[in-house]
Amino acid sequence: MVTIKDLPKEEYLLKGHAACAGCGPSIALRLLFKALGNKVIMVVPACCTTVIQGPYPLTCFAVPLQNMLFEATGATASGIVAALRIKGLEDITVVGWAGDGGTVDIGIQALSGAAERGTNFIYICYDNEAYGNTGLQRSGATPYGAWTTTTPKGKKERKKDMPFIMAAHRIPYVATACPSYPIDLINKLRKAREIKGTKYIHILTPCPTGWRYDTSKTIEIGRLAVQTGVWALYEIENGRFKLNPPSDRLVDKTKRKPVKEYLSMQERFRHLTDADIEKIQKWVDEDWEFYRTLTTLERCI
Amino acid sequence: MKIPKTLKEMPLTPLSLPTIGSMGKTGTWRTFRPIIDYSKCTKCTLCWIYCPDAAITRRDDDSPEIDYEYCKGCGICANECPVKAIAMKREEE
């Protein structure tokens, strides 16, 4: 079993980068390099990470990285994988790293195509539940009720369930993670690297600028998202659904904290009424009943 | 690296090179300064793994060291320290 002290000391995300203080995605990026080392080629579309990289001609990434258009992460990764195969460099992992807007809205066609072709790469969606670097507009991954600059009274629609959309492509590995549980995230990344085919990992990365909370609470909010059941840690391996710790202990409703604890810590949910919170709680409970059924099935999708 | 000044000096393909401090000395963004009390530290390395800025390095004996040139002062380390060995102090104090 991996512990935090076993992780390498080398940093491939160099300090002095342009992320906001308390940035959740940069924690996830550091964990990505702790898990995979520097034998990776990254493909990054327009997203917060493009800003984190820094202004030309400097960058904070000590690994090869290709910037690409918003909608083309999957297609670019397919091209790089094909080039590596012809050059015989198959020990290099290609990682698509895109935000939630670049995955669930704009990039979904290229990603769906790459998954259908079975391109051998890891696609990671780091989800801060809005278009962060352009000034916080709503995305398909913004949850119900959340304030963004384009939903001033709170979003009226529910969040898209992207991991299950990807599982429906019958790819070998789909997982969800959160940087508040670093060992879980690192195990999933290392497992994904060993599997051949398209792997999809969806990481919930709290964002102090967009979610409106104190910068020191990033890890705490991620942990609360898992403990309240708003975000479940699971993996779908060859169609088989499995909850991972600590989510596997939360199937029973009494073990989960009320969602109000998670919502009240963020100012983006400040305007929610008790009826709204009850509605969200009901949806979360319904999701967990669904997960309970899925764990008993041989193939969940 | 040398920053190109004229069009002739520009490379054929735009390529950025890895640099520490690509955004300058980000420590100047800081309002609160994390200060480690090493007598309380249990060397659990949690502050090191949770630092978004890679501004905490792990010494050979696993004790943390903060690089104040680049620490943005977000306070995650102080919030997550299980023994509360990190205090956040206002910069001017």
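Chain letters run A, B, ... following the sequence lines, proteins first and then strands; every chain starts at 1.
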Return the minimal non-hydrogen interatomic distance between A:A18 and B:M23, and the atom names on each side.
CB-CG, 3.5 Å
Between A:F61 and chain B, with a heavy-atom cut-off of 4.5 Å, which part of the residue counts as in contact: side chain, backbone, both or neither?
backbone
Of all the residues in residues 24-36 of chain B, which have a heavy atom that comes within less than 4.5 Å of a heavy atom in chain A?
B:G24, B:T26, B:W29
Quick check on B:D60: does its CG atom have over 12 non-hydrogen neighbours (other residues, nucleotides or ligands) under 6.0 Å away?
no
Does a side-chain N-to-carboxylate-O contact under 4.0 Å join A:R223 and B:E80?
yes
More than 12 non-hydrogen atoms from neighbouring residues, nucleotides or ligands closer than 6.0 Å to NZ on B:K84, yes or no?
yes
Mark yes or no for whether B:K72, through its side chain, and A:G16, through its backbone, hold a donor-acceptor pair below 3.5 Å.
no
What's the verdict on side-chain contact (heavy atoms from CB on, under 4.5 Å) for B:L15 and A:Y56, showing C-alpha distance, side-chain angles and the deciding distance?
CA-CA 8 Å; B:L15 175 75; A:Y56 174 80; 5.6 Å; no
A:R270 atom CZ, over 12 foreign heavy atoms within 6.0 Å:
no
Test: salt bridge (charged side-chain N to carboxylate O under 4.0 Å, His left out). Region: residues 255-265 of chain A. Which pairs qualify, not counting sequence neighbours?
A:R256-A:D285
Do you know which of A:P55, A:C60, A:A19 has the most heavy-atom pairs under 4.5 Å to chain B?
A:A19
Side chain to side chain contact (heavy atoms under 4.5 Å, CB included) partner of B:P52, the single match among A:I52, A:I27, A:L29:
A:I27
I need the residue from A:A62, A:G54, A:G22 with the largest number of non-hydrogen atom pairs under 4.5 Å to chain B.
A:G22
Would you confirm whether B:N79, through its side chain, and A:S216, through its main-chain N or O, come within 3.5 Å as a donor-acceptor pair?
yes
Near A:K5 NZ, under 6.0 Å, is it more than 12 heavy atoms from other residues, nucleotides or ligands?
yes
For B:L17 and A:L58, what are the C-alpha separation, side-chain angles and deciding distance, and is it a side-chain contact (heavy atoms from CB on, under 4.5 Å)?
CA-CA 5 Å; B:L17 291 180; A:L58 308 175; over 6 Å; no
Chain B contact via A:E11 - side chain, backbone, both or neither, heavy atoms under 4.5 Å:
side chain
What part of A:K217 gets closer than 4.5 Å to chain B, counting heavy atoms only: side chain, backbone, both or neither?
both
If you compare all heavy atoms of A:H17 against all heavy atoms of B:S22, which two are closest, and at what distance to 0.1 Å?
CA-OG, 4.1 Å
Pick from B:T57, B:D53, B:D67: which one makes a side chain to side chain donor-acceptor pair (under 3.5 Å) with A:K15?
B:D67
If you count heavy-atom pairs within less than 4.5 Å of chain B, which of A:T59, A:L65, A:N67 leads?
A:T59
Nearest heavy-atom contact between A:K9 and B:R58 is NZ-O, 3.6 Å
Can you name the closest pair of heavy atoms from B:I49 and A:R30 and give their distance?
O-NH1, 3.6 Å
What part of B:D62 gets within 4.5 angstrom of chain A, counting heavy atoms only: side chain, backbone, both, or neither?
side chain
Sidechain-backbone polar pair: B:Y50 side chain, A:S180 backbone, donor-acceptor under 3.5 Å:
yes
Applying a strict 4.5 Å limit to non-hydrogen atoms, the region of B:C44 in contact with chain A is backbone
